[in-house]
Student: 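Structure provided below as structure tokens; questions to follow.
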There are 2 protein chains.
Amino acid sequence: MTGLNERKQKILHAIVTDYIQTAEPVGSRTISRHYQINLSAATIRNEMADLEELGYVTQPHTSAGRIPTQQGYRFYVDALMDQAALTPAEEKYLTEFFRQLQKMQEIDLIIKYTARVLSDLTNYTSLVLGPQFRRSAFKQMQIIPIDQERALVVLITDTGYIKNKVIMLPRALEQEELDHVVAYLNQQMAGKTIASLSAEQLRQLRYDLYARIDIFNHLMNMLEESAAEGESRVFLGGTSNILNQPEFKDMEKIKHLLTLFEQGDRLSFMLETDAEGVLIRIGTENNLQEMNDCSLITASYYLYDRPVGTIGVLGPTRMEYARVITIIEAIANQLNRLIAAL
Amino acid sequence: MTGLNERKQKILHAIVTDYIQTAEPVGSRTISRHYQINLSAATIRNEMADLEELGYVTQPHTSAGRIPTQQGYRFYVDALMDQAALTPAEEKYLTEFFRQLQKMQEIDLIIKYTARVLSDLTNYTSLVLGPQFRRSAFKQMQIIPIDQERALVVLITDTGYIKNKVIMLPRALEQEELDHVVAYLNQQMAGKTIASLSAEQLRQLRYDLYARIDIFNHLMNMLEESAAEGESRVFLGGTSNILNQPEFKDMEKIKHLLTLFEQGDRLSFMLETDAEGVLIRIGTENNLQEMNDCSLITASYYLYDRPVGTIGVLGPTRMEYARVITIIEAIANQLNRLIAAL
DNA sequence: ATTAGCACTCTCTTGAGGTGAGTGCTAATC
DNA sequence: GATTAGCACTCACCTCAAGAGAGTGCTAAT
């Protein structure tokens, strides 16, 4: 049910790849000359007219070549695209880079540098979502009293994310009392994800700690807040790369994108996904006004087969899909190895 | 030794303020008509020729009005500028905003939102440097073992900055042993800034802990690293605001600035200062190629009369200096109050 | 079914002419 | 002696027309 015979597919493939390279509308002559299609320009013109009617390509004006539509890119990505391979140089750069990263113990640093390498290799803007709190499991919790009224809660998750939160103490507490609560919670919650704590378990915990119900409530509030606010740990790389794209010579578009880049909550909402593997969203598939001319390629990274975060590359719809997918997969793999070691 | 009589000063003042408003070269007629200077355009032309020769203004081309040079802005800022006042709306917005912020206990959140309000009010890009580690004093330290090989060091400073750092343990340690080291360090270092630790004191500490010299060395290494790397906690706000300025319609310039914005280390180097009060750096005074067309206005914020961080506004040299200075001072004051309460 | 040929369309570049803002200089005026 | 009116001149910018070039759709021949 593709609706496209092989010849049309070949021509569409030529149009997309040529346009991705040149950013110029592709004419029939260009195709008949530069691509392995033994047809005259006139024949190709006829086919192109068909492709246009079917919605895969369009003309910026009557006497120009064709450019792919969103539907055209979608078909290309789903059915036509060749697989790319990392160049030896890229491969070398990547392994060397992650060998360096291995020394780092803090996940936030790792994520930050991952964003950088991702944008450096692709020449697009990269977005990396740190391990999501609600997908992470408890490892350990500690409470450090700051003064009479406040204490610092330190939470270590199995994804290496370390969460600090200052809470107000309901009353002055003995160190001993704190230690008791902390020890109990550590014991009960170790290895569990926030999301997995059922209402039943919470009630049980609350019951067990009834004597210290006030502290407990404070802690739980803190956890819930963290699960919400903490999500927006998005790291960007290569924001200036979007300026290299001719489609963003319009100031207004850039402004909207830059403004979007400052809205961590919207970015993380965009990146958050349950889907596994590489996901490609083209143009309006992003459901964001500002992204109508952009494509976003994302991949999840994992801890013990559990997806905990997302890395992504943002470019124009005229993005080098094949190349970026290869790179993003390679980097996700490296990241998986690194996180497993934390 | 200003070299400028009152009339020339008045004219320069008119040129600068008009150009700041309009971004258009200012002609002699505009000045004689719109400003309280009872002179004909011809006379003003003569004076402007003088001002040009003295280096305060320049012409984009022979038959255009004048625009201020860097020297012209400098003189304006030093000698001519009127003081601005907050509008009632700004004032209200500010106090309300900081009233909300008061609830936050984490300095990083406060700093982040400060950057936002600063860019929102000024319509320029804001840069805020978090409390600098080496200007902060110890409040408390804790070590939380993660596993056999690693531990998390949590450091709380009096500026509210909470530093996490994972260190490798030289060997498996008893909790008791860790507690001992931590207790001792807490006792010895409380209230001291990193910078103030003399070699003598370090030697003393090292001596006292000779039995656990390995842990101690790890901790000190961590502190030193922190003092260096941790400095680059720069928060940006309103990066898209630079696109509002007509002088940045050139893609290349924007690209350079955006690239600079991603280099936290260079930004914090730029913001770091020992100077007190408001500091204005115009064009090449910034000593950064990318900033040759920009001005940067910074102010320190304080904890107990000790400058601990910097807030700043970045705009074109044609920046509304007076207005920005007023706003930046007001925000610095609010921030001082907030930090004192941490 | 394919292709060569051709008229046609549309963008983009180039150059000429006109407009307007602003200048510098000179001579008259206060 | 300082100020100003007047005037010729400069230069950016706009508009318009002409021409080039790339590419198309259609038709007729292969």
Side-chain angles (χ1 to χ4, degrees), chain A residues 4-12 14-19 21-69 72 246-247 249-250, chain B residues 4-12 14-69 72 246-247 249-250 318:
Chain A
L4 293 188
N5 59 33
E6 196 185 343
R7 199 165 77 178
K8 282 198 177 57
Q9 293 193 16
K10 263 190 179 168
I11 292 174
L12 180 56
I15 293 175
V16 175
T17 52
D18 198 87
Y19 186 66
Q21 271 205 349
T22 64
E24 295 289 327
V26 187
S28 52
R29 258 182 68 105
T30 314
I31 293 179
S32 86
R33 288 238 297 243
H34 297 329
Y35 293 86
Q36 253 64 356
I37 301 175
N38 289 322
L39 293 171
S40 73
T43 311
I44 292 174
R45 275 204 287 284
N46 289 328
E47 294 288 39
M48 292 206 299
D50 290 353
L51 281 172
E52 176 153 17
E53 204 166 344
L54 292 168
Y56 292 96
V57 297
T58 185
Q59 281 180 298
H61 56 87
T62 37
S63 70
R66 300 313 206 280
I67 63 177
T69 60
E247 33 267 275
K249 64 179 193 301
D250 176 19
Chain B
L4 293 189
N5 59 33
E6 197 185 342
R7 199 164 78 178
K8 282 197 176 58
Q9 293 194 15
K10 263 190 178 168
I11 291 174
L12 180 57
I15 293 175
V16 175
T17 52
D18 198 270
Y19 186 66
I20 284 177
Q21 270 204 349
T22 64
E24 296 290 327
V26 187
S28 52
R29 259 182 68 108
T30 314
I31 294 180
S32 85
R33 288 238 296 240
H34 296 328
Y35 293 86
Q36 253 63 355
I37 301 175
N38 289 321
L39 292 170
S40 75
T43 311
I44 292 173
R45 275 205 288 283
N46 288 329
E47 293 288 40
M48 292 205 300
D50 288 354
L51 282 171
E52 177 152 17
E53 205 166 341
L54 292 168
Y56 293 95
V57 297
T58 186
Q59 282 180 298
H61 56 89
T62 37
S63 70
R66 301 313 206 281
I67 63 178
T69 60
E247 33 267 275
K249 63 180 193 303
D250 176 19
R318 190 187 58 78

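Below, all heavy atoms of this structure are taken into account, side chains as well, without hydrogens, waters or symmetry copies. Letters A, B, ... are given to chains in the order of the sequence lines, protein chains preceding strands, and every chain is numbered from 1. Note that the structure is a prediction, hence the values are computed from the model and not measured.
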Student: By nearest heavy atom, map B:P60 and B:N46 onto DNA chain D; which one lands nearer the 5' end?
Tutor: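 So the residue in question is B:N46.
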
Student: What's the closest nucleotide to the side chain of B:T30 if the choices are D:dT24, D:dA5, C:dG22?
Tutor: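 Selected nucleotide: C:dG22.
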
Student: Tell me which nucleotide among C:dG24, D:dC11, C:dT11 gets nearest to the side chain of A:H61.
Tutor: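 For the A:H61 side chain, the nearest candidate turns out to be C:dT11.
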
Student: With A:T58, which residues qualify under side chain to side chain contact (heavy atoms under 4.5 Å, CB included), at least two apart?
Tutor: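 For A:T58 the side chain to side chain contact (heavy atoms under 4.5 Å, CB included) partners, ignoring immediate neighbours, are A:E52, A:I67, A:T69.
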
Student: Would one find more than 12 heavy atoms of other residues, nucleotides or ligands at under 6.0 Å from atom CG of B:N38?
Tutor: no

Student: Given C:dT23, is OP1 or OP2 found less than 4.0 Å from the side-chain N or O atoms of B:R29?
Tutor: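 No, B:R29 has no side-chain N/O under 4.0 Å of OP1/OP2 on C:dT23.
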
Student: Side chain of A:M48: nearest nucleotide among C:dC25, D:dT24, C:dA4?
Tutor: D:dT24

Student: Can you tell me if B:R66 touches the phosphate of C:dG24, counting only side-chain N or O atoms and a distance under 4.0 Å to OP1 or OP2?
Tutor: yes

Student: Kindly point out which of D:dG25, D:dA22, D:dG6 is positioned nearest to the side chain of A:A49?
Tutor: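 In terms of side-chain proximity for A:A49, the closest of D:dG25, D:dA22, D:dG6 is D:dG25.
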
Student: Quick one: label A:T43 by what it contacts on the DNA or RNA (base, sugar-phosphate, nothing), any heavy atom closer than 4.0 Å.
Tutor: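 The answer is base, as A:T43 lies within the cut-off (heavy atoms under 4.0 Å) of a base atom.
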
Student: Roughly how far, to the nearest 0.5 Å, is the CZ atom of A:R45 from the OG atom of A:S40?
Tutor: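 That separation rounds to 7.5 Å.
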
Student: Does atom CD of B:E247 have more than 12 heavy-atom neighbours, drawn from other residues, nucleotides or ligands, at distances under 6.0 Å?
Tutor: yes

Student: Does the side chain of A:S28 get closer than 4.0 angstrom to OP1 or OP2 of D:dT24 through an N or O atom?
Tutor: yes

Student: Can you see which heavy atom on B:I31 is nearest to which on B:A14, and at what distance?
Tutor: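 Closest approach of B:I31 to B:A14, heavy atoms only: CG2-CB, 4.1 Å.
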
Student: Side chain of A:Q59 only, heavy atoms from C-beta on: which candidate in D:dG25, D:dC11, D:dC7 is closest?
Tutor: D:dG25

Student: Is A:A42 touching bases, backbone alone, or none of the nucleic acid, heavy atoms closer than 4.0 Å?
Tutor: base

Student: Tell which nucleotide pairs with C:dA21, taking only Watson-Crick or G-U wobble pairs whose two distances are both under 3.5 angstrom.
Tutor: D:dT10

Student: Within the structure, does a side-chain N or O atom of A:R7 lie under 4.0 Å from either OP1 or OP2 of C:dT2?
Tutor: yes

Student: Once you apply the 3.5 Å cut-off to both distances, tell me the Watson-Crick or G-U wobble partner of D:dA28, or none.
Tutor: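 Base partner found: C:dT3.
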
Student: Can you say whether a donor on the side chain of A:S63 sits under 3.5 Å from an acceptor on the base of D:dT24, or the other way round?
Tutor: no

Student: Within less than 4.0 Å of OP1 or OP2 of D:dC11, is there a side-chain N or O belonging to B:T62?
Tutor: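 Checking B:T62 against D:dC11: at least one side-chain N or O falls below 4.0 Å of OP1 or OP2.
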
